[in-house]
Asker: 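After the structure tokens below, expect a handful of questions from me.
Worth knowing before you read on, the calculation uses all heavy atoms, side chains too, and leaves out hydrogens, waters and symmetry mates.
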Amino acid sequence: MVRTLAPHLAGRRIVSARFTSRFVTPGDRNKLVRRVTGRTIESVRRRGKFILIALDRGAFAIHLGMTGKLLVDGNENAHTRGVFVLDRGVLMYQDSRQFGRIEWGAARASRLGPEPLEIGLEEFIACLRTRKAHVKPLLLNQAFLAGLGNIYVDESLFLAGIHPLSTASRLTRTRAARLHQVIREVLTLAIEHKGSSISDYVDADGNRGDFQILHRAYGREGEPCLHCGTPIRKITVGQRGTHFCPKCQKR
DNA sequence: CTTAATGTTCCCCA
DNA sequence: TTGGGGAACATTAA
């Protein structure tokens with residue numbers, strides 16, 4: 001999202017803004033409008049799942065939640081929750097479920113764990129060793145590691161051959177190292193494929209990603225494991241649908 | 001009518 | 001402080 005968004009937004013001035021959802025923009029929406037109006041966008045970056053938009057004075061953060069979209073020059077519809085009119089073009093926030101957020105400042109993004117593509121092997125192993133939580137919920141915990149969501153955790157655990165209910169601290173060094181490596185591989189490949197578009201996700205130009213074609217576990221319940229042919233099983237872990245191969249992923 | 005969905009936070013309890 | 005379990009938030013689609 002940031003890779004398609006940044007070229008459109010860098011250097012643009014926000015001429016006006018309006019927000020229409022008390023969920024997406026909690027608190028004083030007029031205050032947010034006043035703070036962004038007239039400002040110039042200096043950079044668009046990512047930290048974990050947050051999109052950070054730095055202005056010539058201050059910054060704001062956008063989280064897409066489950067169904068959020070940021071569209072450049074898109075059409076307004078019933079799910080439009082925010083509009084930024086720029087000196088050239090329009091940035092629109094659409095979100096059917098309204099789980100996403102647009103908030104002033106970067107307070108939330110500062111409480112995140114390390115980036116999965118930046119944390120070193122030894123540090124990753126050391127962090128896992130201190131935690132007695134199940135590995136899947138731990139990887140979804142943004143304060144532990146920033147940016148992995150349900151799809152990429154299931155995909156990573158499948159490639160690492162690790163059961164989602166494994167206790168983090170009890171993973172062998174070899175398996176922890178394998179996990180570190182496959183997380184890097186999954187994310188890198190997914191980014192190359194411009195993300196997973198299951199139902200809603202599109203980039204700033206409205207284009208879908210196609211990494212979902214390469215999913216090996218997520219969404220493949222009942223289909224044969226690509227390694228051993230055993231049907232992929234789906235269970236619930238931490239209230240999230242969890243897909244894994246019962247034969248390849250040992251606890 | 002029921003369930004589940006790419007997510008996060010809060011509350012209760014151990 | 002850690003960790004498990006559940007509810008809540010709001011909408012859509014199967």
Asker: Can you name the nearest heavy-atom pair linking A/Y218 to A/N150, along with the distance?
Answerer: CE1-ND2, 3.8 Å
Asker: With a 3.5 Å distance limit and no angle check, can you tell me whether A/T67 reaches the backbone of A/R97 through a side-chain donor-acceptor pair?
Answerer: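 Yes; judged by distance alone, with no hydrogens or angles, the pair exists.
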Asker: What's A/G100 touching, base or sugar-phosphate or nothing? Going by heavy atoms closer than 4.0 Å.
Answerer: nothing
Asker: Atom CD of A/Q98 to atom P of C/dT11: distance rounded to whole Å?
Answerer: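 Rounded to the whole Å, the gap is 5 Å.
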Asker: Contact class for A/T67 vs. all strands (heavy atom < 4.0 Å): base, sugar-phosphate, or nothing?
Answerer: nothing
Asker: Through direct or indirect side-chain contacts below 4.5 angstrom among Ile, Leu, Val, Met, Phe, Trp and Tyr, which residues connect to A/F244?
Answerer: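 In the cluster with A/F244 are A/L165, A/I235, A/V237.
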Asker: Is A/M92 isolated, or which residues cluster with it under the ILVMFWY side-chain rule of less than 4.5 Å, directly or via members?
Answerer: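 Hydrophobic cluster check, A/M92: joined to A/V15, A/V83, A/V85, A/V90.
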Asker: What about the rings of A/H243 and A/F158, do their centers lie closer together than 6.0 Å?
Answerer: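 Ring centres of A/F158 and A/H243 not closer than 6.0 Å.
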Asker: Please determine if a side-chain N or O atom of A/R240 lies less than 4.0 Å away from the OP1 or OP2 oxygen of B/dG7.
Answerer: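 Checking A/R240 against B/dG7: at least one side-chain N or O falls below 4.0 Å of OP1 or OP2.
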Asker: Got a list of protein N/O to nucleotides 11-14 of chain B N/O distances below 3.5 Å?
Answerer:
none

Asker: Report the distance from atom CG of A/D95 to atom C1' of C/dC9, rounded to the nearest whole Å.
Answerer: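 My rounded result for the distance is 11 Å.
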Asker: What is the distance from NZ of A/K234 to C1' of B/dA5, rounded to the nearest Å?
Answerer: 8 Å
Asker: Is there aromatic stacking of A/F99 against B/dT8, centre distance under 5.5 Å, plane angle under 30°?
Answerer: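 Here the ring of A/F99 and the base of B/dT8 are not stacked, as the 5.5 Å and 30° limits are not both satisfied.
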Asker: Work out which heavy atom in A/S169 is nearest to a heavy atom in A/R129; give both atom names and the distance.
Answerer: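 So the two residues come closest at CB-O, 3.2 Å.
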Asker: With side chains defined as the heavy atoms from C-beta onward, is the minimum distance between A/V72 and A/L86 less than 4.5 Å?
Answerer: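 With C-beta onward as the side chain, the pair stays apart.
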Asker: Would you mind reading off the distance between A/L140 atom CG and B/dT8 atom C1', rounded to a whole angstrom?
Answerer: 11 Å
Asker: Anything under 3.5 Å between a protein N or O and an N or O of nucleotides 3-5 of chain C, put it in a table, one pair a line.
Answerer:
{"from": "C/dG3", "atom 1": "OP1", "to": "A/K132", "atom 2": "N", "distance (Å)": "2.6"}
{"from": "C/dG3", "atom 1": "OP1", "to": "A/A133", "atom 2": "N", "distance (Å)": "3.2"}
{"from": "C/dG3", "atom 1": "OP2", "to": "A/R131", "atom 2": "NH1", "distance (Å)": "2.4"}
{"from": "C/dG4", "atom 1": "OP1", "to": "A/H134", "atom 2": "N", "distance (Å)": "3.2"}

Asker: Among B/dG7, C/dT12, B/dA4, find the nucleotide with the atom closest to the side chain of A/S96.
Answerer: C/dT12
Asker: Any chance CG of A/N75 has more than 12 other-residue heavy atoms, nucleotides or ligands included, within less than 6.0 Å?
Answerer: no
Asker: Just call it for A/R111: base, sugar-phosphate, or nothing, with non-hydrogen atoms closer than 4.0 Å on any strand.
Answerer: nothing
Asker: Could you give the CZ-to-P distance, from A/R129 to C/dT2, as a whole number of Å?
Answerer: 18 Å
Asker: Can you tell me how far P of B/dG7 sits from CZ of A/F50, to the nearest Å?
Answerer: 13 Å
Asker: In whole angstrom, give me the gap between the P atoms of B/dT2 and C/dA7.
Answerer: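 Straight-line distance between the two P atoms is 15 Å.
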Asker: Who else is in the cluster with A/F50 when I, L, V, M, F, W and Y are joined by side-chain contacts under 4.5 Å?
Answerer: A/L52, A/L112
Asker: Specify the separation, in whole Å, of atom CG of A/L64 and atom C1' of B/dT8.
Answerer: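 Interatomic distance, CG of A/L64 to C1' of B/dT8: 13 Å.
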Asker: Using Watson-Crick pairs (N1 to N3, plus N6-O4 or O6-N4) and G-U wobble pairs, both distances under 3.5 Å, which stems of at least 3 pairs involve DNA chain C?
Answerer: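 Stem list for DNA chain C: B:2-5 with C:11-14, B:7-14 with C:2-9.
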Asker: Using a strict threshold of under 4.0 Å (side-chain N to carboxylate O), is an ion pair present between A/R216 and A/E185?
Answerer: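 Judged by the 4.0 Å cut-off on N to carboxylate O distance, A/E185 and A/R216 do not form a salt bridge.
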Asker: Any ion pair linking A/R173 and A/E122 (charged N to carboxylate O, less than 4.0 Å)?
Answerer: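 Judged by the 4.0 Å cut-off on N to carboxylate O distance, A/E122 and A/R173 do form a salt bridge.
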Asker: Look at the side-chain N and O atoms of A/H63 and state whether any lies under 4.0 Å from the OP1 or OP2 oxygen of B/dT8.
Answerer: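 So the side-chain polar atoms of A/H63 do come within 4.0 Å of the phosphate oxygens OP1 or OP2 of B/dT8, strictly under.
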Asker: At under 4.0 Å between heavy atoms, what does A/I151 touch on the DNA or RNA strands: base, sugar-phosphate, or nothing?
Answerer: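 The residue A/I151 makes sugar-phosphate contact but no base contact.
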Asker: Is any side-chain heavy atom of A/R208 closer than 4.5 Å to one of A/V202?
Answerer: yes
Asker: Select one nucleotide: of B/dT8, B/dA5, B/dT9, the one nearest the side-chain heavy atoms of A/M66.
Answerer: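 The answer is B/dA5, which lies nearest to the side chain.
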Asker: From B/dG7, C/dT11, B/dT8, pick the nucleotide closest to the side chain of A/Q142?
Answerer: B/dT8
Asker: Just how far, in rounded Å, is C1' of B/dT8 from CG of A/N150?
Answerer: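 Value for this atom pair: 13 Å.
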Asker: Taking the same atom, P, in B/dT3 and in C/dG6, what whole-Å distance lies between them?
Answerer: 15 Å
Asker: Please lay out, stage by stage, how A/R220 and A/L226 fare under the test side chain to side chain contact (heavy atoms under 4.5 Å, CB included).
Answerer: CA-CA 10 Å; A/R220 296 195 64 242; A/L226 270 32; 3.4 Å; yes
